[in-house]
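Worksheet: one structure, shown below.
This chain uses plain numbering: 1 for the first residue, then up along the sequence. All ligand and atom numbering here is 1-based and tracks the order in the structure. Note that the coordinates shown come from a computational prediction; the quantities given were computed from them, not determined experimentally.
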Amino acid sequence: MRGSFVLSLFSLALGASAVISKSKLTTYVDVLALDNTFNPVKEAYWTGYPHHRRTPFAVSPDGKSAYVAYLDSSETDVHVQELNPKTFKATGTTVTVSGGKEAGGLVAHNDGFAILVNEAMPSDTTNAPPSDTPVAVLYRYTSGKQTWKTWLGGPGVHDSEGRAASPDMNGDLVYSEDAGLYGAYFVVTDYSGDASGHYGDSIEYVSENGTLVTIEGASSSWGCSHNTGIAFEAADAAPFTSICAEDQGAIWLNTKTQGMTNDGVKISNENTTNGASGEPMGGMSGSYSALARFAETSRYIFAWVSRGAIDVTENTWMGDGYTNVQNRTNGRNVAFSLFSDKYTKVGAQATSKVGAGDGDSQVNWVTSGSNDCSNAHAATFGPVNALVTWEEISDPICDYIAMGCRGQFAGTYFQQINKKGELVGDSFKSTDVYVAGDMVTFDEGLAAARICWPYVSMDWDLSQAVGYGGSTTTTKKLSFACLTR
Ligand SMILES: *[C@@H]1O[C@H](CO)[C@@H](O)[C@H](O)[C@H]1NC(C)=O
Ligand SMILES: *[C@@H]1O[C@H](CO)[C@@H](O)[C@H](O)[C@H]1NC(C)=O
Ligand SMILES: *[C@@H]1O[C@H](CO)[C@@H](O)[C@H](O)[C@H]1NC(C)=O
């Protein structure tokens, strides 16, 4: 996600040689006082291992206002706090989206914000999902007041293909001023139609006045099966740039297909087991800031974590042209991919050649060690340079195939990568800064583009599952970190 970026020749000239380093990482510890308590730890699907609970963060195009969203520690009500983008201190009053069960994406405007959450439909709703299962919904607030609210699933939204609920809000919200559209890409489970009882994903577009618009070749009622990873970024027109990780063995750039068919672009082969593929985009509470556009260009960078791929075999369930692989490594490493535009990967696609020994020769690796890497994110400084970040644990124990791992937290790492795909300088690490919300590019004019994100200052224990009943950690303070070049 990017804020405004004014390109100047001066910034280009100065920017060419600058390299990130630990001395350019600034922290604002416990700077933002919250009106309500927040639980920063979310239990991962299947493993129960701790993940950072996402706090969506966005800055307005004029750079004057910023917002951060967080789920109340009671697990109902999403709060949106306005903050000063220079000091990160709270300003204005908290807006509460009553009934929100998870904060799934935030867009800041000069006059307010739009937020994607999931919530139960009113009890008198005909054809609502059973058992008050939450449904994805987009809200627009102007000057602190709700302007409109648009359901993105449930009755009245692609009824004939099957109605969708979203028990977990895994996905993202983006906005294109050029297109005049919001786009939301999120995990769904259908409760009517052919896909009833199955998990998949949906892409929905909403116009600036809150009207849900169905766009041929862009909107999608059900795309990637058992989606556990989404990366989504705005483009100048629909379809927006989309990536999914599915349960059959691939990560697809599916801007063209919105699905998992092989007329999309296969970014990666991943071993899949029990519907999972190694939480490539962060798993539960992930799926943000994994895909970023280089400012003023059509280019994108995507970062994920992967166990690599060997022994390519035919996927007999999907049929000819689709494959399964075994994982090459125990822990996950950080990978990235570049796209020259929203449909086109730079370099070869992942192989679909049955019998191939190497299924990952197309991957650009950022790391290659035996530590397990997770929570990978990408952001861009401007048209030329990007930042990729991830966490590592040493001596990882990976109890479950194709899921996350546990072990000693070894730090949050930062690596600069340029538009040619070259690693610029060495990575550095911090052991007390984490990435737990959207990484936003701030334009400070001249060469001072910086990338900032929210986190909670706390001990980060990745050595064990959260435990029965979930995490009881709560906080009333958020911290921010910024990195300049
Ligand atoms: C809202 O926007 C849509 C799509 O741009 C347009 O077709 C519709 O007429 C607008 N509705 C109103 C009430 O302005
Ligand atoms: C994934 O890898 C495991 C071994 O780690 C293997 O048992 C399983 O068959 C693989 N999945 C697929 C779909 O090939
Ligand atoms: C594949 O990954 C699983 C964990 O998902 C691990 O137990 C297994 O050892 C890995 N296989 C190889 C060849 O490293």
Please tabulate, one line per pair, the protein nitrogen or oxygen atoms found under 3.5 angstrom from a nitrogen or oxygen of ligand 1, with distances to 0.1 Å, or say none if there are no such pairs.
unit_1, atom_1, unit_2, atom_2, d
ligand 1, 2 (O), Ser207, OG, 3.3
ligand 1, 2 (O), Asn209, OD1, 3.2
ligand 1, 2 (O), Asn209, ND2, 2.4
ligand 1, 11 (N), Asn209, ND2, 2.8
ligand 1, 14 (O), Asn209, ND2, 3.2

At under 4.0 Å between heavy atoms, what of Arg328 touches ligand 3? The answer is backbone
Ligand 2 to Asn327, heavy atom cutoff 4.0 Å, flagged ligand atoms 2 (O), 5 (O)
Practice problem: Would you check the N or O atoms of Asn324, main chain and side chain alike, for any that come under 3.5 Å of an N or O of ligand 2? | Solution: no
>> Pairs of nitrogen or oxygen atoms closer than 3.5 Å, one from Met403 and one from ligand 3: do any exist?
In response: no
Centroid separation Tyr434 to His377 less than 6.0 Å = no
Review point. Would you say Val325 contacts ligand 2, with heavy atoms under 4.0 Å as the rule?
Key: yes
Practice prompt. Please confirm whether Trp453 and Tyr455 have ring centers closer than 6.0 angstrom.
Written response: no
Checking heavy atoms under 4.0 Å, the part of Cys405 that sits near ligand 3 is neither
query: Does the Asp311 side chain pair with the main chain of Gln326, one donor and one acceptor, at a distance under 3.5 Å?
result: no
**Prompt:** What do you reckon, is CG of Asp395 surrounded by more than 12 foreign heavy atoms closer than 6.0 Å?
**Reply:** no
In ligand 2, the atoms that come under 4.0 Å of a heavy atom of Thr272 are 11 (N), 12 (C), 13 (C)
*Could you check whether the rings of Tyr45 and His226 sit parallel, tilted or perpendicular, using 30° and 60° as the cut-offs?*
tilted
Honestly, for Thr329 the part within reach of ligand 3 (heavy atoms, under 4.0 Å) is backbone
Is the ring centre of Phe232 less than 6.0 Å from the ring centre of Tyr185? yes
